[in-house]
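Position 1 is the first residue of the sequence; numbering continues from there. These figures come from a predicted structure and were not determined experimentally.
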Amino acid sequence: MNRYSVLIVGGGPCGLMLAVELGRRNISVLLIDEKPSTAFNPQANATQARTMEHFRRLGFADQVRALGLPADYPTDIAYFTRYAGYELARFSLPSSGAARSQIQTLTGSWSAAELPHRVSQKWVEKVLYEHALACKSNAICFSHRLLSFEQYPDGVTATIEDLETGATFTVSADYLVGADGARSLVRQSLGYYYVGEAGAVREFMGGRMHAMYIRVPDFYSVSGHAPAWMNVTYNRDRRAFMAAVDGKGEFAFHTQLRADEDETALSDADALDMFQAAMGARIGVEILSRGTWRAGFTLVVEHLQSGHIFLGGDAAHLFTPTGGLGYNTAIEDAVNLGWKLAAVIRGSAPHSLLASYEQERRPAAVRNTNYARQFAESLGANIAPAELEDDSPAGAEARARASEYFNQHARKEFNIPGITFGCRYDGSPIIVADGNPPPDQANVYIPTSCPGGRAPHLWLGEDHSLYDEFGFEWTLLRLGPKPPPATEIKQVFADCGLELKVLDIPGETARDLYETDLALIRPDQVVAFRGREIRDPRALAARVSGHVQPETDLMPVQD
């Protein structure tokens, strides 16, 4: 084929997730990526609960949860002077096996269909690739590079090179999505720039970092400490963090380079010496891969759209990886853009709907990058005292202070339901706003049906989530014992070419949770409208699908 509805440049999490979202809606997609396959290096290591809920919506959350660390492996975050030195603090979290059984007992901030999962991005990408490839409308082409593109009033044309044969060819598409990373050719060709902080320098997590994917089979026996998913060192010599990859002996190790360490001149022996210093004991290490990167970014591109062209993932925002927010924000980009592109391509929504992608996702990216910066400052600006590792009363006192600090820090960085679930699209033209949303807090999430945020979650039975009952597209919840009829709104949606599932949840539990009789849920599980009645179903459908701008007569009736 040389004509597609959507051309996606970039086969990382954002691009592959978008291909799944579009492919499940039978939208023709060509995805290209320069790499010969999905990622080899571990890269991101934390899949947040909201991302897992989206994987559940698409039917492969259990497949992802089965990957990575063994089911009984603790997902603790532990802080050490050195890995074989003193343990300073530990924040204990459930293993993936325990998460399955615990999730249905949690309420309040952690009322969710899924808990987080600690799994390396390289395995998540394989799952996303598998499901993107399974969609008959998708063409997934690795070892292909975008050379150039041109935008026209009705779409784009692009010149692509097959890196295996050297052949070039031209394709046309209605839309182009640049999910092609920090050095995005799509972004650069548009002339768009990142805005924010690019050069933060800290004692740790600010500046040049060296990453190693390593195999250390004797790590646990030599360290002498209980296993943890995330292992952080804190000393005056070699600051580092290291995520367990397989729970057996593979790790993703990252250390801050000192001013006198030249990344262009580092040998394997130099890299091994850095790990040995963080370890605090000699141990056998095999380097699987290594490279240098920079921490200290809090960047969001100035625009996410130019006509028929969009940016997502690292092409749209760059994080310092504290809090594990970059990859998860990229997944949400794809989810948000996917249903909107499909609606426009199908003709059930106007092109103007797509403006809401930037209006919703750019503020979300600014929010999340700023949270990541706060965590990086808390972790990296704290300088270890000289006596920390001394076997002396002064050393013991210094370690006690460090223990108190990192126990508090860990809870702030890794117990983040507010960040995970609390992202809101207040001010979006396709949200019918009402009331006052709860405050945005990293460590507290208050479930609310206030339009613009994630739909409140509820268990309907054993391993049976309310989310499992939502339609793949739109859902209208009729809540409580006597909700108003929905015949007219369902017909209006059908007339507009919008798929709407009407879901009745009798009883008072759901009605009390949502504090309303009717709640309209978007395809991305965001509340678009709530009220005791729908005064004008046609106007509501037009509003949430982007046909009209906000009107005061759509304000819902509430108690």
Enumerate the ring pair (Phe, Tyr, Trp, His ring centres under 6.0 Å) contacts for residues 95-118, please, sequence neighbours excluded, ordered by first and then second residue. Trp110-Phe421
Between Asn45 and Gln43, is there a donor-acceptor pair closer than 3.5 Å when you use the side chain of the first and the backbone of the second? yes
For Lys122, is there an ion pair with Asp246 - N to carboxylate O distance below 4.0 angstrom? no
Is there side-chain contact between Leu503 and Leu466, with at least one heavy-atom pair below 4.5 Å? yes
Residues which pass side chain to side chain donor-acceptor pair (under 3.5 Å) with Arg118, listed by chain and number, not counting sequence neighbours: none
Nearest heavy-atom contact between Ile27 and Ser5 is CG2-CB, 3.6 Å
Over 60° means perpendicular and under 30° means parallel, so tell me whether His409 and Tyr405 are parallel, tilted or perpendicular. parallel
Between Tyr467 and His457, is the ring centroid distance below 6.0 Å? yes
Go through the steps to decide whether Phe80 and Tyr234 satisfy the test ring pair (Phe, Tyr, Trp, His ring centres under 6.0 Å), and finish with yes or no. CA-CA 6 Å; Phe80 308 92; Tyr234 176 65; over 10 Å; no
Do the side chains of Asp434 and Arg530 get close enough for a salt bridge, i.e. N-O under 4.0 angstrom? yes
Closest approach of Pro447 and Gly108, non-hydrogen atoms and distance? CG-O, 3.7 Å
Does the pair Glu130 and Gln63 meet the rule for a side-chain hydrogen bond (donor to acceptor under 3.5 Å, both in side chains), with working shown? CA-CA 11 Å; Glu130 172 190 331; Gln63 184 180 357; 3.0 Å; yes
State whether Arg25 and Glu473 are salt-bridged, where the test is any N-O pair (Lys NZ or Arg NE/NH1/NH2 against Asp/Glu carboxylate O) under 4.0 Å. yes
Determine, using ring centers only, whether Phe219 and Phe251 are less than 6.0 Å apart. yes
State whether the side chain of Arg65 and the backbone N or O of Ala99 hold a donor-acceptor pair below 3.5 Å, judged by distance alone. no
Residue pair Asn138 / Leu133, side-chain heavy-atom distance below 4.5 Å: no
Taking NZ, NE, NH1 and NH2 as the nitrogens, is one of them in Asp495 or Arg538 under 4.0 Å from a carboxylate oxygen of the other? yes
Can you tell me if Asn41 and Ser289 form a side-chain donor-acceptor pair at under 3.5 Å? yes
What verdict does the salt bridge (Lys or Arg N to Asp or Glu O under 4.0 Å) test give for Asp524 and Arg57, after you've listed the backbone C-alpha separation in whole Å, the side-chain angles of each residue and the deciding distance to 0.1 Å? CA-CA 9 Å; Asp524 53 4; Arg57 174 175 56 83; over 6 Å; no
Thinking salt bridges, do Arg56 and Asp468 make one under a 4.0 Å N-O criterion? yes
Ring centroid separation for Tyr213 and Phe40, is it under 6.0 angstrom? yes
Has Thr75 got a side-chain atom pairing as donor or acceptor with Pro94's backbone, closer than 3.5 angstrom? yes
With the side chain counted from C-beta on, respond yes when Leu476 and Lys490 share a heavy-atom pair under 4.5 Å apart, and no when they do not. no
Determine whether Val6 and Ile345 make a side-chain contact, defined as any pair of heavy atoms from C-beta on separated by less than 4.5 Å. yes
Please say whether more than 12 non-hydrogen atoms of neighbouring residues, nucleotides or ligands are located less than 6.0 Å from CD in Gln441. yes
Pairs involving residues 43-75, ordered by first then second residue, that meet ring pair (Phe, Tyr, Trp, His ring centres under 6.0 Å) (sequence neighbours left out): Phe55-Phe60, Phe60-His131
Minimum heavy-atom distance between Met52 and Ala61, given as atom pair plus value: CE-O, 3.6 Å
Indicate yes or no: does Lys35 engage Asp33 in a salt bridge with an N to O separation below 4.0 Å. yes
Parallel, tilted or perpendicular for Phe375 and Tyr371, by the 30°/60° rule? parallel
Are the side chain of Ser109 and the backbone N or O of Tyr445 linked by a donor-acceptor pair below 3.5 Å? yes
Partner of Leu540 by side chain to side chain contact (heavy atoms under 4.5 Å, CB included), out of Val492, Val548, Val432: Val432
When Arg478, Arg532, Arg511 are each screened for side chain to side chain donor-acceptor pair (under 3.5 Å) with Asp517, the one that passes is Arg511
What residues form a side chain to side chain donor-acceptor pair (under 3.5 Å) with Glu469, not counting sequence neighbours? His464
What residue among Arg454, Arg361, Arg50 forms side chain to side chain contact (heavy atoms under 4.5 Å, CB included) with Cys423? Arg361
In Asn368, Thr420, Thr51, Asp333, the residue satisfying side chain to side chain donor-acceptor pair (under 3.5 Å) with Asn328 is Thr51
Is there a side-chain contact between Thr448 and Arg424 (heavy atoms, below 4.5 Å)? yes
Shortest non-hydrogen pair, Ala132 vs Ala19, comes out as CB-CB, 4.0 Å
Just so I know, are the side chains of Arg100 and Asp62 near enough to count as touching, which here means a heavy-atom distance under 4.5 Å? yes
Side chain to side chain donor-acceptor pair (under 3.5 Å) against Tyr514, all qualifying residues, sequence neighbours excluded: none
Run the side chain to side chain donor-acceptor pair (under 3.5 Å) test against Glu360 and tell me which residues pass, sequence neighbours left out. Asn336, Lys340, Ser428, Arg522
What distance do Leu31 atom CG and Phe142 atom CZ have between them, rounded to the nearest 0.5 Å? 6.5 Å
Does some side-chain heavy atom of Pro481 sit less than 4.5 Å from a side-chain heavy atom of Pro506? no
Is the ring pair Phe253/Tyr83 parallel, tilted or perpendicular, if the boundaries are 30 and 60 degrees? perpendicular
